[in-house]
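Okay, structure first, notes after.
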Amino acid sequence: MSPDRIFVTVTGLLLIAFIFWFFWMKKTKGSKAKTTVYGYQEAMILVKGGYTPDVILVRRGTPVRLSFLREETAACSEMVLLPDFNKSAQLPTGEIVSVEFVPNESGEFEFTCQMGMLRGKLVVED
Amino acid sequence: MQEINLSISGMTGIESSQRIEHAIAVLDGVEHASVNLSEGMAKVSFRKPASAGRVIKAVRDEGFTTGNSKIRISVKRMRCASCVRTVEETLLNTPGVKSASINLATAIANVEYSPEAVNFFGLKLALEANGYEVEMATDSSKSGQDVQVSEQEIEYRTLMRKFWFAAIISIPVMVFSYPDFIPGLRDWMPMGSMNRRVIWGLLGLLALPVMLWSGSQFYSGMWSALKHRTANMHTLIASGITAAWLYSAVAVLFPQWFPEQALAEAFWDVATVVVALVVLGMALEVKAKGRTSEAIKKLIGLQAKTARVNRNGTEIDIPVEEVVTGDMVIVRPGEKIPVDGVLIKGTSSVDESMITGESMPVEKHENDAVIGATINKTGSFTFRATTVGKDSALANIIRMVQDAQGSKAPIQKIVDLVAAYFVPAVLILGVLAFIVWYNIGPEPRVVYATIVLVTTLIIACPCALGLATPTSLTAGVGKGAEYGVLIRSGDALQTAQKLTAVVLDKTGTITKGAPELTETIPVSGFDEREMLLLAASLEKGSEHPLGEAIIGGAENLGLVLVEATNFSAIPGHGVSGNVSGRAVLLGNAKLLESRGIDSGDLSGKWAELASDGKTPMFVAVDGVAAGLIAVADTIKEDSIVAINTLRDMGLSVIMLTGDNQRTADAIAKQVNVNRVLAEVLPEDKAHAINKLQLEGHVVAMVGDGINDAPALAQADVGLAIGTGTDVAIEASDITLISGSLSGVVAAIQISRATMRNVHQNLFGAFIYNTLGIPVAMGILYPFFGLLLSPLIAAAAMAFSSVTVVSNANRLRYFKPKGVTK
């Protein structure tokens, strides 16, 4: 094997390892929803290429209000779905849209855009 | 002295209304306060220092909510982020405003306010005092969907501008990238010449604005995804075109790095043409996606803009947002009914087709419910508003359709799983292909390896996969709404196509649910009309539903009823009394026997009618049998057609009823169902459904949503027959607004068509990617010497997602068979 081949192969394999690690080995700490005086657990989520924060921690049994603010025009993210709670919302650019529900079961529940490209997770703790 | 009517929600009983009354009454300045529990209204008269705001606050402090109106006003001259704050504060400082949020992008303020304390003009004055121009609510109050439409339009236009720019630049880039194929150019800029290097260098610079402006969304999309450590379509396109550009730059600037100068080829054209094609694809996709949600736009467009209400004795036109519960609304012929309510004065016929899918106009009399957004045809009338704003039937329908369009069909789960791994996997495959081609590929290895990498990145289309289900679902659910069929979720839609049996509740589903006069058989020598007149007049005293059927039948024939005297009801027998001086009896055989009257040959007729599932009654006049009158719960006009269509669709149709077997069989014969489950007690209905499921059937239950709730829940798909305003039926998976069985036919056909469409889309998208990616990686090269050009890959990628969306759009033209609209 010529040196250039070895170089390309090694670099390539390193790149693959990097892609693997970068996209699939990520662990994000959840952000805890704040409880308001009205008894809602509130979290503000920025929608721009993804959800920030994308892991929301809430307690079971207390109403949750997720407020989404979409700051992009790409059609992908114009809708957010919480299939486990049977909720969805249109997100007009620049407008805060709230989704409210009560998590009655603990566990991890995904919220995604309509095409499933953007993902976030709601972790319901006891 | 001022007076306000306040709608209050959350009252649970008499003590809560008393609590509110007390809380208002103790306020300084309040003269009188009365709370009507059943209407949910408080009527307060007050003078200073009390104010509407204080009254509302008192109510809220007690823990109840007062009705709020929402309005969207477009605010002009709002140019900066700090203006937003000013406008927001101005609005919030206006008494009566509960919340205000402003969208700078659309220059629209969303204001929630109490209509008792302030109205649009008040808000307008407040803003104008601060130097902002405000538009009339009725024309400026854009609904959310309108905003979305214009957003889509803006997105489309931006993308098209980007496309044209990229396309125009692509032409010279293409021409000069392949000078060897163009006779004049070939000699002027041969391979390795200075001319060629300079021209190619310029092309590289020309390609930059295409990538950075036309393709800017790829880079920004990739960047914001990378921040979340995720990847999407933008990541693939951005890395693909960047790789192509970087390679070309190296080839032009440092040809000496290549083993032979002749190999140092640039392909700038890849960067520009790929951008042009993919951007064009995105633009077409935006356009087509807008069409899939056309149904909901139509629904939103139905909303009336203004209402004419009676306030303090004068009729005024107000924006529909300001109508509150309890308002008296006046509607003239040809006008739209602005909100839901109950008709108080006048009669008319109303076209409800836009809500129920029912094409025939509906007659409306006093105490009938009217639905907002339907059109008044013939007469003028006044009605009391019962639900407004987000609680109205139309708003409920829109919300249900939107929720359903946003929900996920179970099939989407697989797609989601794939989507999570798709893009990084493609990146890895691209790099792998590069390594393999560089190591064992033909010379010039680096060129081939780069082309293969770029092609692989570009051909992969996560969008086609992601769009496959939701676009079809959106179109299908919207189609349902057109036919008065509200499909509540993607789950319901997916299950509805697998149905094998449809269970129909008899009363109110197959039949009208209310008895009607069906036969009058007088004995010879007795006048039919006279007999009916006597019987109906007698029944005027009773309040029995059978009596009402007879009265209704007589009135339909134009008979004028007279007053009965000596009326008495004999339990278990019938009724007796005097009409126009004649002694009239109406009842069963026992009644005649007890009076010693011979029924003669009427008994045979009686048995015949009874075996047909009808309720026959003897009529006797002055001690002699006069004839028979039969009433029956009649079959809805379209039930028979609908049931036959369901059977033609291969479904087993089962009638479920609490009636005895004989009556049930009689009805079953007329409507031609496959099976009858008779004598089923209401509480056993769910059990009956379960038994059918154990037989292996996938069962749909069609019922009225209240009595049948457990059965609807037990069924695989529960279809509730709604009536007009009552659309939010919780137990059901599908709600049929019109109450006609043809809705069941439409629902099942639409679900079948939609799921077929979803499968086509998914199949197409999966096949496209599973074939396209290996071909792009060069798997065919060793066998056929075939390698895909990145340009073809870009075209394929751009049009695969357009194809998916266009295929979903075909659903818009779907027409259920055997259903008239």
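Protein chains get the first letters and strands the later ones, always in sequence-line order, with residue 1 at the start of each. These figures come from a predicted structure and were not determined experimentally.
Among B/L432, B/V431, B/V418, B/T474, the residue with the largest count of heavy-atom pairs under 4.5 Å with chain A is B/V431. Counting heavy-atom pairs closer than 4.5 Å to chain A, the top residue among B/L465, B/I435, B/N439 is B/N439. By number of non-hydrogen pairs under 4.5 angstrom with chain A, the leading residue of B/L467, B/T471, B/V436 is B/L467. Across B/T230, B/N232, B/T469, B/T158, the residue that shares the most heavy-atom pairs under 4.5 angstrom with chain A is B/T230.
In summary, the side chains of A/R65 and A/S98 do not present any donor paired with an acceptor at a separation below 3.5 Å, with no hydrogens or angles considered. Side-chain contact check for B/Y219 and B/T242: at least one donor-acceptor pair (N or O, by modelled atom type) lies under 3.5 Å. Between the side chains of A/D4 and A/S2, at least one donor N or O lies within less than 3.5 Å of an accepting N or O. A side-chain N or O of B/K162 and one of B/S216 form a donor-acceptor pair less than 3.5 Å apart.
Qualifying ring-ring contact (aromatic ring centres under 6.0 Å, His included) partners for B/Y448, counting only residues two or more places apart in sequence or in other chains: B/W437, B/Y781. In terms of the side chain to side chain contact (heavy atoms under 4.5 Å, CB included) criterion, residue partners of A/I6 (sequence neighbours excluded) are, by chain and number, A/M1, A/V10.
Using a cut-off of 4.0 Å between Lys/Arg side-chain N and Asp/Glu carboxylate O, B/E155 and B/K287 are scored as not salt-bridged. Salt-bridge formation is not detected for the pair B/R488/B/D733: no Lys NZ or Arg NE/NH1/NH2 atom is positioned less than 4.0 Å from an Asp or Glu carboxylate oxygen.
Of the atoms belonging to B/L473, not a single heavy atom falls under 4.5 Å from chain A. Only the side chain of A/R119 comes within contact range of chain B, with heavy atoms under 4.5 Å apart. B/F422 does not touch chain A: none of its heavy atoms, backbone or side chain, sits under 4.5 Å away. Looking at B/V423, the atoms closer than 4.5 Å to chain A (heavy atoms on both sides) all sit in the side chain, from C-beta outward.
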Before giving the answer on side-chain contact (heavy atoms from CB on, under 4.5 Å), spell out for B/L159 and B/Q217 the whole-Å C-alpha distance, their side-chain angles and the decisive distance to 0.1 Å. CA-CA 10 Å; B/L159 285 171; B/Q217 66 276 4; 4.0 Å; yes

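Residues of residues 15-22 of chain A lying under 4.5 angstrom from chain B, judged on non-hydrogen atoms, are A/L15, A/I16, A/I19, A/F20, A/W21, A/F22 by number. Contacts from residues 100-108 of chain A to chain B, taken as heavy-atom pairs separated by less than 4.5 Å, involve no residues at all.
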